[in-house]
K.L.:
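My questions all concern the structure below.
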Amino acid sequence: MPGLIRGEEGFSATRSREKALARDDVQRLSWEHPLIREMLSRATEGALGNAALALLEHSAIPAGRIMIEAIFRTRTSEAHHLHPARFLPPTTVRVLLDESGQELSDKVSFGGLAKSLRNIRKAAARDLIRERHELLRQLLDQAEGVASERLTPIIEHAGSDMHRALEAEIERLRSLAQRNPDVREAEIEALITERDTLAEAIDGTRLQLDAVRVIVTVEPRR
């Protein structure tokens, strides 16, 4: 693990800056600590835990019905040095579909659904996935299409925010340059280049499937 010295079993740590400064043998766990950064990276980028299958007991829904809940996350892969996350931070898009393809995201919240679910045995889950594989693939393809439609206004909003912020700064420098010869044209050109590069990066934002949950309805237990 990062932050561990080879040959040692572990280390002492604290969140207190004062304690870490007072003791050489205690490391401070800040957001920039290698261990914290690595664990956050594994939690957000790794595959462990990003797929699940659960049972839903609901008297109004016939048993044996399938639903799929897909969570997508925006990824802006270009111009990281310009920090496009200022205008388009990582954003999640949730899509919930029943087996007929009806979209239920607005009707059933993530938290509300999670409270109604219960676990299923692994063996039963594997059998169900094999039996309904074709349907699940179709639903997942449909979920990607729904999420892509929702991405468009997200990109447009981020692009508008970026243009508004940088255009204001460009105009401020242009106005200042008329009164102050120390303001160089190169500074204005650099901002224009930054604006255009950020616009291209934001427009190129794509969605990545971050997690998926398959839900099977069952008869309520009596």
K.L.:
What pairs of donor and acceptor atoms, side-chain ones from residues 138-145 against any protein atom, are under 3.5 angstrom apart with sequence neighbours left out?
P.N.:
{"unit_1": "Asp141", "atom_1": "OD1", "unit_2": "Arg137", "atom_2": "NH1", "d": "3.4"}
{"unit_1": "Gln142", "atom_1": "NE2", "unit_2": "Gly101", "atom_2": "O", "d": "2.7"}

K.L.:
Please indicate whether Asn119 has more than 12 foreign heavy atoms, meaning atoms of other residues, nucleotides or ligands, lying under 6.0 Å from its CG.
P.N.:
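Check fails, neighbour count at 12 or below.
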K.L.:
Looking only at heavy atoms, which two atoms of Val183 and Leu173 are closest? And how far apart?
P.N.:
CG1-O, 3.9 Å
K.L.:
Keeping to residues at least two apart or across chains, list the salt bridge (Lys or Arg N to Asp or Glu O under 4.0 Å) pairs with something in residues 100-109.
P.N.:
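Sorted result for residues 100-109: Glu103-Arg150.
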K.L.:
Glu32: which residues meet the salt bridge (charged side-chain N to carboxylate O under 4.0 Å, His left out) condition with it, sequence neighbours left out?
P.N.:
Arg37
K.L.:
Only distances under 3.5 Å count here; give the side-chain donor-acceptor pairs of residues 186-193 to other protein atoms, sequence neighbours excluded, each with its distance to 0.1 Å.
P.N.:
{"unit_1": "Glu187", "atom_1": "OE2", "unit_2": "Arg184", "atom_2": "N", "d": "3.3"}
{"unit_1": "Thr193", "atom_1": "OG1", "unit_2": "Glu189", "atom_2": "O", "d": "3.0"}

K.L.:
Given side-chain contact (heavy atoms from CB on, under 4.5 Å), test Thr14 with Leu29 step by step and report yes or no.
P.N.:
CA-CA 6 Å; Thr14 179; Leu29 291 182; over 6 Å; no
K.L.:
side-chain contact (heavy atoms from CB on, under 4.5 Å) with Arg65: which residues, sequence neighbours excluded?
P.N.:
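Counting only residues at least two positions away or on another chain, Arg65 forms a side-chain contact (heavy atoms from CB on, under 4.5 Å) with Ile61, Pro62, Glu99, Thr217.
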K.L.:
Measuring only between side-chain heavy atoms, which start at C-beta, is Leu128 closer than 4.5 Å to Leu53?
P.N.:
yes
K.L.:
Might you confirm whether atom CD of Glu167 has over 12 heavy atoms from other residues, nucleotides or ligands at distances under 6.0 Å?
P.N.:
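Buried by this count: over 12 neighbours within 6.0 Å.
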K.L.:
Please name all residues satisfying salt bridge (charged side-chain N to carboxylate O under 4.0 Å, His left out) with Arg121, sequence neighbours left out, ordered by chain then number.
P.N.:
none
K.L.:
Not counting sequence neighbours, which residues clear side-chain contact (heavy atoms from CB on, under 4.5 Å) with Ser160? List them please.
P.N.:
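Arg164.
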K.L.:
Tell me, please, which residues at least two apart from Asp196 pass salt bridge (charged side-chain N to carboxylate O under 4.0 Å, His left out).
P.N.:
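Result, salt bridge (charged side-chain N to carboxylate O under 4.0 Å, His left out) vs Asp196: none returned.
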K.L.:
Between Ile66 and Leu136, is there a side-chain heavy-atom distance shorter than 4.5 Å?
P.N.:
yes
K.L.:
Under the rule for side-chain contact (heavy atoms from CB on, under 4.5 Å), what residues qualify as partners of Ser100, not counting sequence neighbours?
P.N.:
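Result, side-chain contact (heavy atoms from CB on, under 4.5 Å) vs Ser100: Asp98, Gln102.
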K.L.:
For Glu57 and Arg118, work out which heavy atoms get closest and say how close.
P.N.:
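Result for this residue pair: OE2-NE, 2.6 Å.
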K.L.:
Kindly confirm or rule out a cation-pi arrangement of Arg206 over Phe72, judged by NZ or CZ under 6.0 Å from the six-membered ring centre and within 45° of its axis?
P.N.:
no
K.L.:
Do Leu176 and Leu166 share a hydrophobic cluster, counting only Ile, Leu, Val, Met, Phe, Trp and Tyr and linking them when any side-chain heavy atoms are less than 4.5 Å apart?
P.N.:
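In one cluster: yes.
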K.L.:
With rounding to the nearest 0.5 angstrom, report the CG to CE distance, Leu198 to Met162.
P.N.:
5.5 Å
K.L.:
If you count heavy atoms of other groups shown closer than 6.0 angstrom to CG of Asp24, is the number above 12?
P.N.:
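Not buried by this count: 12 neighbours or fewer within 6.0 Å.
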K.L.:
Compare all side-chain heavy atoms of Arg75 with those of Arg73 and state whether any distance is below 4.5 angstrom.
P.N.:
yes
K.L.:
Just do the side-chain contact (heavy atoms from CB on, under 4.5 Å) check on Val218 and Leu56 with the steps written out, would you?
P.N.:
CA-CA 6 Å; Val218 295; Leu56 173 64; over 6 Å; no
K.L.:
Same cluster or not: Ile71 versus Leu113, using hydrophobic residues (I, L, V, M, F, W, Y) connected whenever any side-chain heavy atoms lie under 4.5 Å apart?
P.N.:
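Per the 4.5 Å side-chain linkage, Ile71 and Leu113 are not co-clustered.
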K.L.:
Under the side-chain contact (heavy atoms from CB on, under 4.5 Å) test, which residues partner Ser148, sequence neighbours left out?
P.N.:
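Testing Ser148 for side-chain contact (heavy atoms from CB on, under 4.5 Å), a comparison that skips the adjacent residues, returns none.
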K.L.:
Report whether Leu104 and Phe110 are members of the same hydrophobic cluster (ILVMFWY, side-chain heavy atoms less than 4.5 Å apart, transitive linking).
P.N.:
no
K.L.:
Which pairs count as salt bridge (Lys or Arg N to Asp or Glu O under 4.0 Å) when at least one residue sits in residues 169-181, sequence neighbours excluded?
P.N.:
Glu169-Arg172, Glu171-Arg174
K.L.:
Do Thr205 and Thr74 have a side chain donor and acceptor closer than 3.5 Å?
P.N.:
no
K.L.:
Is there a side-chain contact between Ile120 and Val216 in this structure, where contact means two heavy atoms from C-beta onward sitting under 4.5 Å apart?
P.N.:
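Side chain of Ile120 against side chain of Val216, heavy atoms only: no contact under 4.5 Å found.
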K.L.:
Please tell me if the side chains of His163 and Arg195 come closer than 4.5 Å, counting only heavy atoms from C-beta onward.
P.N.:
yes
K.L.:
List the atom pairs, with distances to 0.1 Å, where a side-chain N or O of residues 82-97 and a protein N or O form a donor-acceptor pair under 3.5 Å, not counting sequence neighbours.
P.N.:
{"unit_1": "Arg86", "atom_1": "NE", "unit_2": "Leu82", "atom_2": "O", "d": "3.4"}
{"unit_1": "Arg86", "atom_1": "NE", "unit_2": "His83", "atom_2": "O", "d": "3.1"}
{"unit_1": "Arg86", "atom_1": "NH2", "unit_2": "Leu82", "atom_2": "O", "d": "2.8"}
{"unit_1": "Arg86", "atom_1": "NH2", "unit_2": "Glu194", "atom_2": "OE2", "d": "3.0"}
{"unit_1": "Thr91", "atom_1": "OG1", "unit_2": "Pro89", "atom_2": "O", "d": "2.7"}
{"unit_1": "Arg94", "atom_1": "NE", "unit_2": "Glu69", "atom_2": "OE2", "d": "2.7"}
{"unit_1": "Arg94", "atom_1": "NH1", "unit_2": "Ser105", "atom_2": "O", "d": "3.3"}
{"unit_1": "Arg94", "atom_1": "NH1", "unit_2": "Val108", "atom_2": "O", "d": "2.9"}
{"unit_1": "Arg94", "atom_1": "NH2", "unit_2": "Glu69", "atom_2": "OE2", "d": "3.0"}
{"unit_1": "Arg94", "atom_1": "NH2", "unit_2": "Val108", "atom_2": "O", "d": "2.9"}

K.L.:
Show your reasoning for whether side-chain contact (heavy atoms from CB on, under 4.5 Å) applies to Leu117 and Leu55.
P.N.:
CA-CA 5 Å; Leu117 300 178; Leu55 301 178; over 6 Å; no
K.L.:
Drop me the distance from Gln27's CD to Ser12's OG, to the nearest 0.5 angstrom.
P.N.:
9.0 Å
